[in-house]
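Heads up: the structure comes next, in structure tokens.
The sequence lines fix the lettering, A, B, ..., with proteins before strands; numbering per chain opens at 1. Small disclaimer: the values here were computed from a predicted structure and weren't measured.
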Protein chains: 2
Amino acid sequence: MRAQTVALTSKDVVDAAIAILDEYGLGDLTMRRLATALGVQPGALYWHVANKQALLGAVADTILDGLDDDMPSGDWDLRFNELAHRLRAALLAHRDGAEVVAAAHALRTGRGSTLVLLTQVLTDAGFTEVEAELAALAVLHYVLGHTVDEQGHAQSAGLVAGAASPGATEGIADGPQTVDDPLLGETARFGFGLSVFVDGLRARLT
Amino acid sequence: MRAQTVALTSKDVVDAAIAILDEYGLGDLTMRRLATALGVQPGALYWHVANKQALLGAVADTILDGLDDDMPSGDWDLRFNELAHRLRAALLAHRDGAEVVAAAHALRTGRGSTLVLLTQVLTDAGFTEVEAELAALAVLHYVLGHTVDEQGHAQSAGLVAGAASPGATEGIADGPQTVDDPLLGETARFGFGLSVFVDGLRARLT
DNA sequence: ACCTGAACACCGTTCAAGT
DNA sequence: ACCTGAACACCGTTCAAGT
């Protein structure tokens, strides 16, 4: 087996992991499946990654990569909102992306650069370092909590039947209103909580 | 084997599951371990619960039981704060409690009564039904996001070495400040984000 | 340096058969 | 009604040995 001439890299492993995530979900992202997809024996993966947890950390980092590209320059609240919406979009762009990133953050695997970006916007706005870090962590928690819920709910419904191609959910509009989601689209629901939080922050700025 | 004379009930299964959760954590809460703890073969559990997911839903319900006992009567923001703090405390009272409840909520297993309680406080305060539900969901997401992170972090640190007895973490003060948590105690960090959100809500009340 | 082969110690779930 | 016995189709991780 294994007609390839060149050796595997850690990047190959992470990329293949994301491909499996997109097509089959986190529950089917196993080291053995991953090895099969790469045409290699399971044990071979452990030459490239320390263990599954570290791999998922690297996957989380990749999901969050380039979150601050071409950021608009404007008022802090506009930029803060933009960042939060981008974060949610990045998580939704991969199946179970929110769960992967939430776990990686809780276990302090992954780089955790998102927190730095959010904090920077708030210190620029005039918040103290401590307030900025606390507020950044709070929205991060809100976004993760919301998106894990949103994505988990979509999964438990039957909508994911026809396995989408990688990145297919990126930038699509909210799906049709369902019976147990009779209020608004998910983006609007997300935006509501976010704007309440930003309102509270604005009130604290002298 | 199995000297017991009386049969198992679903409650017995859920209670034993929580005991394992408290002592060994979610990673060690397996159907096989649970069966061994109950002095029974693995297959026997499937007479009492449909599957592991349903069991975890029932565990989540138990964790959240009695969340609104003896609620204080006072201003809405006081009661809202109380409920959010109680929710966090209930999650922290069991090892991996936040993760279990977050998963149960995302998959719509479990009863999800917490949302009703939070919504009620806000409709009483004068919010419209839609605003109240959206805001309730938003804080729930914040609390889950925060507490999953808080609990996961504690786990990844070495603090959980001496397996605590069930409920031992209930109502304890924050642990000592560690190197990567130099700002405040966790309760204060949680309270900061919560009060920002409540400030934002108050501003919306005419 | 990179991977195979093979093992170790596990999983959740099903289901005929027993009592 | 409640449980056993036994199987099915899997897991993550380790590690000597090969090339």
Check the distance between [N]'s [atom2] and [X]'s [atom1] and give it to me in whole angstrom.
X     : N      : atom1 : atom2 : result
B:R33 : C:dG12 : CZ    : P     : 11 Å
B:L45 : C:dT13 : CG    : P     : 10 Å
A:D28 : D:dA9  : CG    : C1'   : 13 Å
A:L8  : D:dT19 : CG    : P     : 20 Å
A:W47 : D:dA17 : CH2   : P     : 20 Å
A:K52 : C:dC11 : NZ    : C1'   : 12 Å
B:R32 : C:dT13 : CZ    : C1'   : 9 Å
A:M31 : C:dC8  : CE    : C1'   : 17 Å

Inset, instruction - Could you check which nucleotide pairs with D:dT14 in any of the strands shown, counting Watson-Crick or G-U wobble with both distances under 3.5 Å? - result: C:dA6

Legend entry - Under 3.5 Å on both distances, the Watson-Crick or G-U partner of D:dT19: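 Matched D:dT19 with C:dA1 under the 3.5 Å cut-off.
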
Looking at [X] and [Y], does any basic side-chain N land under 4.0 Å from a carboxylate oxygen?
X      : Y      : result
A:R111 : A:D61  : yes
B:D149 : A:R108 : yes
A:D69  : A:R86  : no

Inset, instruction - Between C:dC10 and D:dA9, how far apart are the P atoms? Round to whole Å, please. - result: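 Taking atom P in both D:dA9 and C:dC10, they lie 22 Å apart.
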
Inset, instruction - Kindly say if A:H48 contacts the phosphate of C:dC3, meaning a side-chain N or O under 4.0 Å from OP1 or OP2. - result: yes

Inset, instruction - Identify whether NZ of Lys or CZ of Arg in B:R189 sits under 6.0 Å from the centre of the six-membered ring of B:Y142 and within 45° of that ring's axis. - result: no

Inset, instruction - Assign each of B:Q41 and A:T30 to its nearest nucleotide of DNA chain D by heavy atoms, then name whichever residue's nucleotide is nearer the 5' end. - result: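 This one resolves to B:Q41.
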
